[in-house]
Each structure stands twice: as structure tokens, then as C-alpha cells.
J.: 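Here's a structure for you.
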Amino acid sequence: MGEMTVTTLEGRQGPTTTSPIAGEADDRNGRNFLRRLRTPRRPRLWFEILLIAVSYWTYSLIRNAVPEQKAEALRNADWIWDVEQSLGLAFERSVNHAVDSVTWLIVGMNYYYATLHFIVTLGVLVWLYRCHPGRYAATRLVLFATTAVALLGYYLYPLAPPRLVPGGDFIDTVVVHNTWGSMASGDLKNMSNQYAAMPSMHIGWSLWCGLTIFALASVPWVKVLGLLYPTLTLVVIVATANHFWLDAVGGMICLAFGFTVARLWYGRLPHRLPQLVDDPKPRRISLRRSREPAA
């Protein structure tokens, strides 16, 4: 039992401690609060729209605020290229030149690079919100954690994309074909950090989309499309000379970190959580006095 306050004959008080019952109640309340945070619940539309908008704005702000360390970024690009050559896997330039020779194909890839990165990711979030509300928050946490750790990579490892490597003989396909929409080249290049190529969030986000679709879709051909999406994205980022393939590996590592965070927080991977959740209904407490006569 806990100690009680004792007043002695001299008027002095003994030590006072919190009752064990009160301490256990505090611990229980803390555990209950943590359990409530971890319990899947139906997302609120207004909150999700606000959260995604603010989060992407913050991500863009931080990414573009990272100093453009051109000299170091070019040195790192040379190192990446040397590593790929030593592995016998320096195929980016060949793919870049081969695809650029087919105008309609490379133009389509330029627009793919500029737009689907956002459209498909938002589409998957909407699908999760409508059809898998119980898994929405956990899967969204994977995406957010992946993106957050990517910012650390941009700061610690500035990297020039192949198209900006002097003497690399890479073709900047957006400049050559004057296509619209990419913030990586052309008129919009000053709005984006040109030396934040590692890791590739085109791969991180597209693989998040692909794995989510594969794990949760019920139609087989939709599952196949889910796996094809990040595969095609890898071809696109290489063909347009916006990334080395090792940048894609960096994006995969970031995604693995995101899944680890969600697994630790929810105790299970997102696809193993319940698909649907019940809306909590507040209990109505009757304040009417009993009309029964007192005994």
C-alpha cells in the first residue's frame, strides 16, 4: 500500500506518495489512449484533404529548400555511374538514346513522368478511402514515412540526374522535344531542386501504389496492372534521363522504412488490418428521473 501523510506530535508531516491505485489508473489511461490512436477508424474526408495538401506543400518546401550543392551532386553522379559500370549495369544511356529515337514514345514518357506520379497516387488514396477505410490510415502512414525519410536523403546525398552530367552524352528529353509539365527541365526547372535525385520518389510512390493494389485488389488483372505500374515507371525515369537505376533502389529502401514504421505502430502490415471499421456511435445517457416511488 502507499504511504499516508502522518502528522506527528511535533506538528511535522511524514512523506506523501501517490496511491498505487491512482498510479495504475494513470498507466491504464495512457495505454487506453495509445490503443485508441492505433485502432483503425473511418477517416474524415475534410481532414484527409487538408492533411494531404499541407503534407505535400511541406514536402515540396523542404525538398526545394535543400541547398543545390552542384559540385558535390556531380561528384556523386560520377561515383554512381562508376559503380554501375563496375557492376556491368550502366544501361541508362543506351535506354535513353534508344527510346528518344521514337518520338511518340519518348513524348508520352515525358508526360507520364510529369503527371502520373501525382494522379495515380491520389487515385489509390481515394480508392483506399472509399473501399478500405480500415486500412487507409496505416497505408497512408507508409506513404508519409517513405516521403519523410526521402527528404533526409536529398539533404545528405545531393545527386545530379544523368541529363545534367557534363560529358555524359545523355539526352534531356523534355528540352529536346519541348514537352510540357515536367519541373525537372525547361521553363519550370528553377522551381524544383535539380540535384535531389536520390532517392527516386517516382519509384517510392509508384511501388507503394503497385504493392497496395496487388495486395488489396480482388480482380486478377488489376493486380497485374498494379505490378506493371512501378515497372513501367522504372523504364520511364531511366529513358528520360531523370534518374540512375540506383536511385530507384534508394526509393525502394525508403518504402521499406515506411512499411516498417506502419508495422511497428499498428502491429500488423496495412493489408492485414480489417477492411471496414464501424463508426463509433456515442452512447446516449438518459437524464430522466425514475418515476418509480421511493421504497
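Nothing fancy with the numbering, it's 1 onward along the sequence.
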J.: Could you tell me how the ring of H202 sits relative to the ring of H243: parallel (under 30°), tilted (30 to 60°) or perpendicular (over 60°)?
T.: tilted
J.: List in chain and number order the residues that pass ring-ring contact (aromatic ring centres under 6.0 Å, His included) with W205, two or more places apart in sequence or in another chain; answer none if no residue qualifies.
T.: H117
J.: Mind listing the closest non-hydrogen atom pair of P230 and I203 along with its distance?
T.: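 Scanning both residues, the minimum pair turns out to be O-CD1, 4.1 Å.
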J.: I need the full list of salt bridge (Lys or Arg N to Asp or Glu O under 4.0 Å) pairs touching residues 140-150, with sequence neighbours left out, sorted by first then second residue.
T.: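 Every salt bridge (Lys or Arg N to Asp or Glu O under 4.0 Å) pair that includes a residue of residues 140-150, provided the two are not neighbours, is E48-R140.
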J.: Using 30° and 60° as the class limits, which term best fits the ring planes of Y129 and Y136: parallel, tilted or perpendicular?
T.: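 Because their plane-to-plane angle is over 60°, the rings of Y129 and Y136 count as perpendicular.
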J.: Following the transitive rule for hydrophobic clusters with a side-chain heavy-atom cut-off under 4.5 Å over Ile, Leu, Val, Met, Phe, Trp and Tyr, establish whether F118 and M201 coincide in one cluster.
T.: yes
J.: Rounded to the nearest 0.5 Å, what separates atom OG1 in T173 from atom CG in D100?
T.: 6.5 Å
J.: Quick check: W81 with F170 (ring centres under 6.0 Å apart)?
T.: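 Under 6.0 Å, so yes.
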J.: How close do A160 and F244 get, counting heavy atoms only, and between which atoms?
T.: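 Heavy-atom minimum between the residues: O-CE1, 3.6 Å.
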J.: Write down the atom of A248, the atom of L234, and the distance for their closest heavy-atom approach.
T.: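 Looking at all heavy atoms of both residues, the shortest contact is CB-CD1, 3.7 Å.
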J.: Tell me, please, which residues at least two apart from F259 pass ring-ring contact (aromatic ring centres under 6.0 Å, His included).
T.: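 Counting only residues at least two positions away or on another chain, F259 forms no ring-ring contact (aromatic ring centres under 6.0 Å, His included).
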J.: As a quick check of understanding, evaluate ring-ring contact (aromatic ring centres under 6.0 Å, His included) for Y154 and Y195, giving each step before the final call.
T.: CA-CA 8 Å; Y154 299 148; Y195 303 106; over 10 Å; no
J.: With clusters defined by side-chain heavy atoms of hydrophobic residues (ILVMFWY) lying less than 4.5 Å apart, directly or transitively, does V222 cluster with L125?
T.: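 L125 clusters together with V222.
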